[in-house]
Amino acid sequence: MAGGLAALLDDIAVLAKTAAASIDDVGAAAGRASAKAAGVVVDDTAVTPQYVQGVAAKRELPMIRKIAIGSLRNKLLFILPAALLLSEFLPDLLTPLLMVGGTYLCFEGAEKIFERITGHAPEAEEAQATDLTPEQETTLVSGAIRTDFILSAEIMVIALNEVADENFWSRLVILAVVAVAITVLVYGVVAVIVKMDDIGLALAQRKSAVSQRFGLGLVRAMPKVLGTISAVGIVAMLWVGGHILLVGVDDLGWHGPYELVHDLEHHVHDALGGFGAVGGWLTNTALSAVVGAAVGAVVVAIMHVIPRRRGAH
């Protein structure tokens with residue numbers, strides 16, 4: 001009896017070690033996959049605050065919560081099953097689909113630049129209205145969730161490519177972990193960003209002179225911080241979209257554009273010595289953004305400029 005119990009405990013210990021190793025493997029794979037999608041995560045974090053700019057303070061966190069729930073629903077209920085099925089049965093479609101998403105990011109970034117240049121940016125109008133009707137709030141949240149759908153799809157497909165060699169169930173668990181972790185990270189950071197001015201006001205009302213100065217500094221800095229975040233979001237769209245397209249055409253057999261960028265990156269890396277890694281990364285990023293801006297400009301022309309000119313005639 002004692003021998004049987006000892007054998008059972010040994011079996012349980014082996015199973016526990018195996019489970020722990022599997023959890024470690026999933027965690028490591030999820031970490032690698034998330035790191036590969038870091039560019040789109042930055043994009044997502046930078047873009048989302050724009051949807052709650054100018055909104056009454058009491059509605060900021062409820063709106064962010066709605067967007068976060070919509071983002072998680074997008075990832076777990078729609079994108080994850082579709083990506084897994086495609087990777088299992090039609091893996092060759094993943095790269096073209098990723099490129100479609102990349103083109104959309106290029107268009108979004110170029111469209112925002114176009115709106116700023118022409119003075120038709122909707123953000124300027126929305127920033128004046130602090131008390132939204134339920135219908136207006138629903139429209140803003142829906143728009144944010146739609147944009148997030150594209151970014152989430154990019155994140156999930158990039159993550160999927162990183163763990164493509166894993167079996168089906170491992171991919172499922174890893175991508176579910178990535179979906180939850182990135183959603184919590186992105187919208188946690190967004191919540192902190194949009195509430196910084198309220199934190200500053202609270203500090204400014206304290207008795208401590210140091211707290212008051214720091215709080216007033218936060219309040220004054222936040223418009224510039226949000227403006228910078230908005231600009232970073234636009235650049236990130238062009239950079240990420242352009243990079244996805246460069247890698248995509250390389251995977252599909254047209255190697256020239258990506259090889260050119262890669263060669264220039266290596267030249268800068270070798271020329272800068274100790275700063276080569278940073279210089280190479282900046283070179284790749286800048287050239288990807290240029291490609292993204294060029295592709296985005298073409299799509300903006302097709303969607304906005306050409307129809308306007310035809311309408312004018």
Cluster question for you: counting only ILVMFWY and a side-chain heavy-atom cut-off of under 4.5 Å, with indirect links fine, are [X] and [Y] together?
X	Y	value
Leu201	Leu218	no
Val290	Leu238	no
Leu175	Leu172	yes
Val268	Val278	no

Exercise: identify the closest heavy-atom pair between [X] and [Y]:
X	Y	answer
Pro81	Leu77	CG-O, 3.5 Å
Ile145	Gly70	CD1-CA, 3.9 Å
Glu265	Gly280	CG-O, 3.2 Å

* To do: Kindly write out the residues that satisfy side-chain contact (heavy atoms from CB on, under 4.5 Å) with Val210, not counting sequence neighbours, or none if the list is empty.
  =>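 side-chain contact (heavy atoms from CB on, under 4.5 Å) list for Val210, sorted by chain: Ser208, Arg213.
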Nearest 0.5 Å please: distance from the [atom1] atom of [X] over to the [atom2] atom of [Y].
X	Y	atom1	atom2	answer
Leu203	Met196	CG	CE	10.0 Å
Leu282	Leu287	CG	CG	10.5 Å
Tyr258	Leu246	OH	CG	8.0 Å
Arg73	Ser152	CZ	OG	11.5 Å
Thr228	Met222	OG1	CE	10.0 Å
Glu137	Ser142	CD	OG	10.0 Å

Do [X] and [Y] have side chains that approach each other closer than 4.5 Å (heavy atoms only, starting at C-beta)?
X	Y	value
Leu185	Val189	yes
Val235	Thr285	no
Gln205	Gln212	no
His243	Val291	no

* Indicate whether any N or O donor in one side chain lies under 3.5 Å from an N or O acceptor in the other, for Tyr187 and Asp148. => yes
* Asked: Just checking, is any N or O donor in the side chain of Ser71 or Lys75 under 3.5 Å from an acceptor N or O on the other one?
  ->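 Checked: Ser71/Lys75 side chains pair up, N/O donor to acceptor below 3.5 Å.
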* Asked: Listed by chain and number, what are the salt bridge (Lys or Arg N to Asp or Glu O under 4.0 Å) partners of Asp270, not counting sequence neighbours?
  -> none
* Would you please name every residue forming a salt bridge (Lys or Arg N to Asp or Glu O under 4.0 Å) with Glu111, sequence neighbours left out? =>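 So Glu111 forms no salt bridge (Lys or Arg N to Asp or Glu O under 4.0 Å) with any residue.
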* **Phe149 atom CZ, over 12 foreign heavy atoms within 6.0 Å** =>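 Counting other residues, nucleotides and ligands, CZ of Phe149 exceeds 12 neighbours.
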* Any pair with a residue in residues 264-303 that passes ring pair (Phe, Tyr, Trp, His ring centres under 6.0 Å), sequence neighbours left out, goes on the list, sorted by first then second residue, please. =>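 Those involving residues 264-303 are Trp239-Trp281, His262-His266.
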* **Sole candidate of Leu76, Ile69, Asn74 that passes side-chain contact (heavy atoms from CB on, under 4.5 Å) when paired with Leu72** => Leu76
Side-chain donor/acceptor pairs under 3.5 Å, residues 86-107, sequence neighbours excluded:
| unit_1 | atom_1 | unit_2 | atom_2 | d |
| --- | --- | --- | --- | --- |
| Ser87 | OG | Ala83 | O | 3.3 |
| Ser87 | OG | Leu84 | O | 2.8 |
| Ser87 | OG | Arg171 | NH1 | 2.8 |
| Glu88 | OE1 | Arg171 | NH2 | 3.0 |
| Thr103 | OG1 | Met99 | O | 2.9 |
| Tyr104 | OH | Glu108 | OE2 | 3.4 |

* Could you please spell out the steps behind the side chain to side chain contact (heavy atoms under 4.5 Å, CB included) verdict for Arg59 and Lys66? => CA-CA 11 Å; Arg59 296 306 305 161; Lys66 289 179 182 178; 3.8 Å; yes
What side-chain donor-acceptor pairs closer than 3.5 Å can you find for residues 293-301, not counting sequence neighbours?
none

